[in-house]
Amino acid sequence: MPELPEVNNFKRYFNETSLGKTIENVDVHDDKIIRNMPGPAFADALKGRKIVSSLRRGKYLFARLDNGHDLLLHFGMTGDLNYYSAPEDKGRYERFVLNFTDGDKLGFEDPRKFARILYLEDRDAYIKEIKLGPDALDIDGDYLVQKMTGKKGSIKGFLLNQQILSGVGNLYADEICYRCRLSPALRLNELTEDEKCLLAKQTIEVMTGAAANAPYYKDYPENWYWHVWRTEGKSGPEGIGEVVVTKVAGRTTYFVKGWQRE
DNA sequence: TGTGATGTTGAATG
DNA sequence: GCATTCAACATCAC
């Protein structure tokens, strides 16, 4: 479930389990998700390195190594971390595993293999290369409003564009639109200035709130945001409107028809 | 059995 | 070059 708040939890999990440890060697079971070198070269590059710090930006998690290079983890749709020591705790979908010198292991699991794992010599150059926008927890409303000017695409397409703002994913984008009472399919040039300000404000609030409330890795409360209303046919707030499912910006989209302006 | 899924990319189009 | 759209990626769960 990796959108920004989830990756924030991955970061915490990673820090608590793996920071300061030294990689004795790496087992690559499937190098499909390693995007910039073959499995053996990847394993070779990490061998003997100590993990000294971590940095999250949007949905990207960078693990800084003691040679100044980085191990980049992007979790795709189904990426996950699994820290363990007993071999029987190895996950079914483990794609590679860092074996630390203390005997513990950090497995990277990913059933669908949409994750993107890279060994980077220059983290900043990579961020520049993919034009990754600023982190959603690190911007203000003015920045977002300014980015909206002149754009004609859907609200949802805007929120999902990681080059504008990094961290918002499909579920949180719906949540933000719901809070603004705006249909995700509305186009930016159809919004009033007030609505643009509201959209910017809610984007920051939702992402900040979700990141702050994430209690612990894999332990999301049932009453979190979209859980409350992300059900087709469900009656909207105060009995107004009804939840419908549609497709916006190529993604499955839920909104409350009759409650959110179209 | 067919369908859709939390994300990104690269090609195609305007 | 920029903005936007959309299919493709690989596999599993329902």
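Quick note on labels: first sequence line is chain A, next is B, and so on, each numbered from 1.
Listed pair A:Y93 / C:dA13 meets the phosphate criterion, a side-chain N or O lying under 4.0 Å from OP1 or OP2. Residue A:K59 places at least one side-chain N or O closer than 4.0 Å to OP1 or OP2 of B:dT8. Using a 4.0 Å cut-off, some side-chain N or O of A:R187 falls inside it from OP1 or OP2 of C:dT5. Side-chain nitrogen and oxygen atoms of A:T252 include at least one within less than 4.0 Å of the OP1 or OP2 phosphate oxygen of B:dA5. Between A:Q162 and B:dT8 there is a side-chain polar atom (N or O) within less than 4.0 angstrom of OP1 or OP2. Distances shown here put every side-chain N or O of A:K152 at or beyond 4.0 Å from the OP1 or OP2 atom of C:dT4.
Within 4.0 Å (heavy atoms only), A:G76 reaches sugar-phosphate atoms of the nucleic acid but no base atom. If you check every strand for non-hydrogen atoms under 4.0 Å, A:K247 touches sugar and phosphate atoms only.
Of all nucleotides listed (C:dC12, B:dT6, C:dC9), B:dT6 comes nearest to the side chain of A:M77. Of all nucleotides listed (C:dT11, C:dA3, B:dT6), C:dA3 comes nearest to the side chain of A:K151. The A:H74 side chain lies nearest to B:dG7 when the options are C:dT5, B:dG7, B:dA5. Here the nucleotide nearest the side chain of A:R251, chosen from C:dC12, C:dC9, B:dT8, is B:dT8.
Taking 4.0 Å as the cut-off between side-chain N and carboxylate O, A:R57 and A:D135 do not count as a salt-bridged pair.
For A:K90, the NZ atom counts as densely surrounded, since its 6.0 Å shell holds more than 12 non-hydrogen atoms of other residues, nucleotides or ligands.
Of the listed residues (A:H69, A:R49, A:R35), just one forms a side-chain hydrogen bond (donor to acceptor under 3.5 Å, both in side chains) with A:Y119, and that residue is A:H69.
Residues A:D89 and A:Y83 have side chains not in contact (no heavy-atom distance under 4.5 Å, counting atoms from C-beta outward).
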* Structure fact -> Per-residue pairing states of DNA chain C in dot-bracket (Watson-Crick or G-U under 3.5 Å; . unpaired, | other strand) read .||||||||.||||
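Nearest-nucleotide positions on DNA chain C for A:N161 and A:P111 put A:N161 closer to the 5' end.
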